[in-house]
Amino acid sequence: MTVGLIGLGNMGTAVAERLVDAGHRLVVHNRTPGKAAGLADRGADVAETPAALAAVSDLVLTSLADDEALVQVAGEVIAAAQPGTVLVDLSTVSPEASARVAAEAERVGVAYVRAPVSGNPSVVRAGNLTFIVSGPDDAIDRVLPVLLAIGPTVHRVGDAEQARVVKLAINLVIGGLAELMSEALVLGEGAGVSRRALLDVMGSSAAGAPFVKYKTEPLLRDDYSATFTTALMEKDVDLILDAAADAGVELPVAKELKSLLRSAVEAGYGDHDFMALFLHLRSASNQEVAS
């Protein structure tokens, strides 16, 4: 099938590379056209608009930044899609915005699969991406070979917006881990423990989640180039708190995490990787960079 992909940020570009390498016919579109140049050199076609992409695609993947972008782009795709087209969204967005897209897709007979992902661009390129999927089973079955060409793990969690909630729940844990790692490192370095020693022990302990291992080498290099920015993590925590309000539940740690992320963004770390929570906390603790 012809696969269209809209959104060539860090994640979207990595996904596109996997699809090209797997031999799929790929059509791409990005709001900033220059980001498509490298993929065009590798054999992808470039569409000037989401509608032009949808008109020639059997499957349209979207990887977008927020609710507003999804609703706008999905509306253009749905309006131009051919009969039998499947729209698969990989973004982290609110259940409410996703439900609006679902209603519009159903109205015109476009199948809609929610497929937010767990992983970063390096995970994508290593072939280890995880999909959290909900939607009609027949539509998921149709797109499953394409998803498996990108990553090996597909969790089916429901037939509607369940994937959105699961993704937000995972990001809550990841954001909390980032803050707790930051506090642990500030504590250790403040008491004279080397960062490498602490991270080595942490990674092999009961607390050694894959996230700890992913972040160890960048932290040892003081490398905070973004795989996922502090500002985007704050956006996700906002979505988490909105979802909690809709469900009528209290998330006290999420509220505190929102405050900590807002403080880091205001301190100038919005475009850094969200592990800049450590930089911000260390600065507040008046610690020098460890040698």
Side-chain angles (χ1 to χ4, degrees), residues 7 9-15 63-67 69 90-94 116-126 128-130 132 164 166-189 195 198-199 202-203 207-244 251-285 287 289-290:
N10 291 336
M11 287 293 288
T13 296
V15 167
S63 179
L64 303 165
D66 54 32
D67 285 10
L90 312 180
S91 317
T92 301
V93 296
S94 71
V117 299
S118 179
N120 59 39
S122 64
V123 173
V124 179
R125 292 187 172 97
N128 294 324
L129 191 66
T130 294
I132 307 155
R164 303 302 189 185
V166 173
K167 169 60 175 176
L168 293 176
I170 290 170
N171 274 18
L172 174 57
V173 174
I174 289 172
L177 278 173
E179 174 60 24
L180 289 172
M181 283 181 69
S182 300
E183 294 189 18
L185 290 169
V186 167
L187 171 63
E189 291 186 352
R195 191 180 309 175
L198 181 52
L199 286 168
M202 191 184 302
F211 178 77
V212 174
K213 299 176 175 67
Y214 295 152
K215 292 303 183 183
T216 291
E217 285 303 318
L219 281 165
L220 291 175
R221 298 192 306 269
D222 266 315
D223 178 4
Y224 303 96
S225 53
T227 59
F228 192 70
T229 68
T230 308
L232 284 175
M233 180 56 80
E234 183 189 17
K235 180 269 293 183
D236 282 4
V237 173
D238 286 337
L239 295 178
I240 290 163
L241 292 172
D242 288 344
L251 302 180
V253 173
K255 289 180 179 178
E256 182 61 22
L257 183 58
K258 161 65 180 181
S259 176
L260 294 165
L261 289 162
R262 175 91 304 257
S263 179
V265 169
E266 290 175 350
Y269 298 114
D271 292 331
H272 290 64
D273 189 84
F274 67 101
M275 276 310 306
L277 284 165
F278 169 54
L279 284 179
H280 184 45
L281 182 61
R282 184 177 64 192
S283 175
S285 301
Q287 291 186 0
V289 176

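Excluded from the calculations below are hydrogen atoms, water molecules and symmetry mates; all remaining heavy atoms, backbone and side chain alike, are included. In this chain, residues are counted from 1 in sequence order.
Contact check for Leu219 versus Leu185: side-chain heavy atoms found under the 4.5 Å cut-off. Phe274 places none of its side-chain heavy atoms less than 4.5 Å from the side chain of Thr229. Two residues are said to be in side-chain contact when any heavy atoms from C-beta on lie closer than 4.5 Å; Leu129 and Met11 meet this criterion. Side-chain contact check for Val93 versus Asp66: every heavy-atom pair is 4.5 Å or farther apart. Considering only heavy atoms from C-beta on, Val173 comes within 4.5 Å of Leu177 through its side chain. Here the side chains of Ile132 and Val117 are not in contact, with every heavy-atom distance at 4.5 Å or above.
Closest approach of Ser91 and Leu64 over heavy atoms only: OG-N, 2.8 Å. Of all non-hydrogen atoms in Ala178 and Leu277, the two that sit nearest each other are CB-CD1, 4.0 Å. Between Tyr269 and Ala276, the shortest heavy-atom contact is CB-CB, 3.9 Å. Residues Leu220 and Arg195 approach most closely at CD2-C, 4.1 Å, considering heavy atoms. Closest non-hydrogen pair, Met275 versus Tyr224, comes out as O-CE2, 3.9 Å. Gly188 approaches Leu198 most closely through the heavy-atom pair CA-CD2, 4.1 Å.
In the model, His280 has a side-chain atom that pairs as donor or acceptor with a side-chain atom of Ser263 under 3.5 Å.
Listed by chain and residue number, nothing satisfies the salt bridge (Lys or Arg N to Asp or Glu O under 4.0 Å) test with Lys213 (two or more places apart in sequence, or in another chain). Residues forming a side-chain contact (heavy atoms from CB on, under 4.5 Å) with Thr227 (at least two apart in sequence, or on another chain): Asn120, Pro121, Lys215, Asp273.
Checking Thr92, Val237, Leu241, Asp242 one by one against Leu168, the side-chain contact (heavy atoms from CB on, under 4.5 Å) holds for a single residue, Thr92.
Under the 3.5 Å distance criterion, the side-chain polar atoms of Thr230 are left unmatched by any main-chain donor or acceptor of Gly270. Between the side chain of Arg262 and the main chain of Glu234, no donor-acceptor pair closer than 3.5 Å is present. Side chain of Thr216 to main chain of Val212: a donor-acceptor pair is present (N/O by atom type, distance under 3.5 Å, no hydrogens or angles). Listed for the Asn128 side chain is no donor-acceptor partner under 3.5 Å among the backbone atoms of Val123.
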Derivation and outcome, ring pair (Phe, Tyr, Trp, His ring centres under 6.0 Å), residues Phe211 and Phe228: CA-CA 13 Å; Phe211 178 77; Phe228 192 70; over 10 Å; no
Salt bridge (charged side-chain N to carboxylate O under 4.0 Å, His left out) assessment of Asp222 paired with Arg282: CA-CA 12 Å; Asp222 266 315; Arg282 184 177 64 192; 3.8 Å; yes
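The line from CG of Asp223 to NE2 of His272 is 10.0 Å long, rounded to the nearest 0.5 Å. Here Met233 contributes atom CE and Asp238 contributes atom CG; the two are 12.0 Å apart, rounded to the nearest 0.5 Å.
Atom CG of Asp271 has 12 or fewer heavy atoms from other residues, nucleotides or ligands within 6.0 Å.
For residues 167-182, the set of pairs meeting the side chain to side chain donor-acceptor pair (under 3.5 Å) definition, not counting sequence neighbours, comprises Lys167-Asn171, Asn171-Asp236.
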